[in-house]
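Computed from a predicted model, the values in this text were never measured in an experiment. Heavy-atom basis, side chains included; hydrogens, waters and symmetry copies ignored.
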Amino acid sequence: MIEALEPVPLQELRALGTAKVWEVEGELDELPSLTPVRGHVSAEHRGNVLAVEGKLNTIVTLCCDRCLNQFNQKLSCTPSELIWLGDEQPTADELELSGEVAEMEGLVDVLDPRGQFDPQQWAFEQLNLLLPVVNHCGDHCPGPPGLQQQPVIPDTKTKAVDPRWQALQQLQQQIDQP
């Protein structure tokens with residue numbers, strides 16, 4: 001837990017009249033990382049919306065799904081989000097009146113205007129969205145353990161061809177001949 005990222009009541013953010021900025025440096029409990037999470041998060045109350053943005057980066061250790069070896073993955077983002085302040089999703093009329101209609105496309109988060117904003121939870125969510133669905137250590141991955149990768153050597157001997165494929169084989173031989 002990062003002590004400086006304590007939740008703040010939305011009414012307190014409204015009273016500020018300007019953006020509140022949190023410096024981020026530390027470990028997030030829900031996201032075990034190799035290096036501390038570093039960056040900043042800022043939140044500004046704009047009437048019906050809370051404008052949140054930040055810059056975050058860290059390095060996490062993941063386990064490759066193919067070879068089961070561990071590898072390090074850098075997580076870095078500069079997210080920006082508008083969060084609707086209300087009891088439920090905004091209607092089209094409310095969006096028109098908010099004055100920020102162009103920025104509201106894709107709005108999914110809603111906060112109770114009497115509630116609070118948790119910058120630590122927001123930072124966790126943004127970094128967690130960067131984690132890959134399939135962990136793959138890269139092109140150098142040796143593959144599943146216990147399986148030796150042997151080069152495929154074409155068999156020069158002619159094999160018996162399934163008669164259903166014989167026409168295709170004849171066509172291929174005609175194409176291969178000059």
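The OG atom of S80 sits 14.0 Å away from the NZ atom of K55 when rounded to the nearest 0.5 Å. Atom CH2 in W84 sits 13.5 Å away from atom CG in D112 (nearest 0.5 Å). A distance of 10.5 Å separates CG in D176 from CD in Q169, rounded to the nearest 0.5 Å. With rounding to the nearest 0.5 angstrom, the CD1 atom of I175 is 12.5 Å from the CD atom of Q170. Expressed to the nearest 0.5 Å, how far CG of L56 lies from CZ of F124 amounts to 12.5 Å.
Under the 4.5 Å side-chain criterion, counting only non-hydrogen atoms from C-beta, L5 is in contact with P119. You'll find the side chain of C63 stays beyond 4.5 Å of the side chain of F71, heavy atoms only. In this structure the side chain of L85 never reaches within 4.5 angstrom of the side chain of N48, judged on heavy atoms. For the pair P132/L62, a side-chain contact is recorded, criterion being any heavy-atom separation below 4.5 Å from C-beta on. Counting heavy atoms from C-beta on, the side chains of V41 and Q120 never come closer than 4.5 Å. For the pair C67 and N69, the minimum side-chain heavy-atom distance is below 4.5 Å. Using a 4.5 Å heavy-atom cutoff, the side chains of V37 and L127 are in contact. Contact of the W122 side chain with the E81 side chain is registered, since non-hydrogen atoms from C-beta on lie closer than 4.5 Å.
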Might you work through the side-chain contact (heavy atoms from CB on, under 4.5 Å) test for V60 and L34, ending with a clear yes or no? CA-CA 5 Å; V60 295; L34 189 61; over 6 Å; no
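The minimum heavy-atom distance between E23 and G39, with the atom names listed, is OE1-O, 3.5 Å. The two residues G86 and V110 make their nearest non-hydrogen contact at O-CG1, 3.1 Å. Considering every non-hydrogen atom in both A123 and L28, the closest pair reads C-CD1, 4.4 Å.
For the side chain to side chain donor-acceptor pair (under 3.5 Å) condition, the pairs that include at least one residue of residues 124-140, sequence neighbours left out, are Q121-E125.
S33 and E27 share a donor-acceptor pair across their side chains, judged by distance under 3.5 Å alone.
For E30, there are no salt bridge (Lys or Arg N to Asp or Glu O under 4.0 Å) partners two or more places apart in sequence or in a different chain.
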Taking distance alone, no hydrogens or angles, what donor-acceptor pairs closer than 3.5 Å link side-chain atoms of residues 8-22 to residues at least two apart or in another chain?
| unit_1 | atom_1 | unit_2 | atom_2 | d |
| --- | --- | --- | --- | --- |
| Q11 | NE2 | P113 | O | 3.1 |

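Under a 3.5 Å cut-off, the side chain of T58 and the backbone N or O of L75 do not form any donor-acceptor pair.
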